[in-house]
Amino acid sequence: MTRRDWHKHNMRIATWNINGLRARLDFMKLWLADRKPNVVGLQELKTPTEDFPHEEFEALGYKALVHGQKSWNGVAILTNVDAELRQVGLPGQEDWGARLITAEIDGGIEFTTVYCPNGKSLQHDDYANKLAWYDSLVAHWSAGDHPKRVLCGDFNIVPTALDGWRGEAGAGTIFYTEDERKRFAAVMDTGLTDLYRHLYPEEQAFSWWDYRGGAFHRKHGLRIDFLLGTQAAVAATREVVIDRDYRKKLDGLTASDHAPVYADLHS
DNA sequence: ATGACATAAACGTTATGA
């Protein structure tokens, strides 16, 4: 079996909010070499598209499709298999940052990664914008059609009490509001399943911890980074890992405040 | 206590993040 054929049957896909591509480059290389993912959705590049360091990833066998911008936001798809760009930006929401990119992956997966708006606070205009951005995401996603689709990224919503360290006490506060949870449910209702939660219905596992106040060690985290898939993707999923070891400092390098999340798919 | 950390920005202070 050639390497190309192997990838048609076994695919490791991932999502990772890296909190600054240029600041995280050396750390990312260690993770890529260790976990060897085939497709990675990245969020929060904080880098203009034209400054993306393609050669650094090409040296590791990856090419990148990039939707960046200066200072903030920015998404990309890294692949070591063939991929074709399908969509750059969320239609109707281009003014709210570089937050969506889609590629067709060799082997038959349509792969989209998103960096959903944070919202800042319930009183802030960004909160209403966050809800509107989700409405646009649902409309855009519903207009598409592909048998094997993955929507992954940093969703900035805590879907259930189990997914946030504050549990039921968080209800009604930002990330935990009914309005946000309705939007997340609307995304799921387009025919998507949370790959981690599907395999581990009762586990409490977080993908983000605040840098401040020793949140990681105090287990004050949130699960806000998701790999969502259609039934064909769910059926192919063999394992899902929230890679919390890579939320820790490594060889003196600072980690992102988000852990990578990856899934192994077989077909 | 709106702090704590970390990142980027023609910057030594401010905006953003979740």
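Within every chain, numbering begins at 1; the chains are lettered A, B, ... in the order of the sequence lines, protein sequences first and strands thereafter. Just so it is clear, the model here is predicted, and its values are computed rather than measured.
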Could you tell me whether [X] contacts a base, only the sugar-phosphate backbone, or nothing, with contacts defined as non-hydrogen atoms closer than 4.0 Å?
| X | answer |
| --- | --- |
| A:Y176 | nothing |
| A:N17 | sugar-phosphate |
| A:D154 | sugar-phosphate |
| A:I224 | sugar-phosphate |

Review point. Is the number of heavy atoms from other residues, nucleotides or ligands within 6.0 Å of NZ (A:K182) greater than 12?
Key: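 No - once you tally the heavy atoms of other residues, nucleotides and ligands closer than 6.0 Å, there are 12 at most.
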[M] and [N], which share atom name [atom1], separated by this distance in whole Å:
| N | M | atom1 | value |
| --- | --- | --- | --- |
| B:dC11 | B:dA6 | C1' | 16 Å |
| B:dA4 | B:dA9 | C1' | 22 Å |
| B:dA8 | B:dT2 | P | 27 Å |
| B:dA15 | B:dG3 | P | 12 Å |
| B:dA1 | B:dT7 | C1' | 24 Å |

In terms of side-chain heavy atoms, does [X] have a donor or acceptor partner in [Y] at a distance below 3.5 Å?
| X | Y | result |
| --- | --- | --- |
| A:Y115 | A:N156 | no |
| A:H146 | A:E104 | yes |
| A:D225 | A:S207 | yes |
| A:T230 | A:E110 | no |

Round to a whole Å and report the spacing from [atom1] of [X] to [atom2] of [N].
| X | N | atom1 | atom2 | result |
| --- | --- | --- | --- | --- |
| A:D257 | B:dT16 | CG | C1' | 11 Å |
| A:H258 | B:dC5 | NE2 | P | 18 Å |
| A:N156 | B:dT16 | CG | P | 15 Å |
| A:F175 | B:dG17 | CZ | C1' | 8 Å |

**Study point:** Ring-face cation contact, A:Y176 with A:R166, 6.0 Å cut, 45° max
**Key:**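 Here A:R166 passes the 6.0 Å and 45° test against A:Y176.
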Which side-chain N or O atoms in residues 88-95 of chain A pair as donor and acceptor under 3.5 Å with protein atoms at least two apart or in another chain?
from: A:Q93; atom 1: NE2; to: A:S136; atom 2: OG; distance (Å): 2.8
from: A:E94; atom 1: OE1; to: A:G92; atom 2: N; distance (Å): 3.0

Review point. Under a single-linkage definition using a 4.5 Å side-chain heavy-atom cutoff for Ile, Leu, Val, Met, Phe, Trp and Tyr, are A:I13 and A:V114 assigned to the same hydrophobic cluster?
Key: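 Shared cluster, no.
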**Study point:** Under 4.0 Å protein heavy-atom contact, by nucleotide of nucleotides 7-13 of chain B - B base, S sugar-phosphate only
**Key:** BSSS---
Practice item. Enumerate the residues from residues 159-170 of chain A whose closest heavy atom to DNA chain B is under 4.0 Å, giving them by residue number; use none for an empty result. Key: none
Review point. When you check the gap from the basic side-chain N to the acidic O, do A:E180 and A:K130 get nearer than 4.0 Å?
Key: yes
Check your understanding: Relative to the 5' end of DNA chain B, which residue comes earlier, A:R212 or A:E44, by the nucleotide with the nearest heavy atom?
Key ->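 Going by which nucleotide is closer to the 5' end, it is A:R212.
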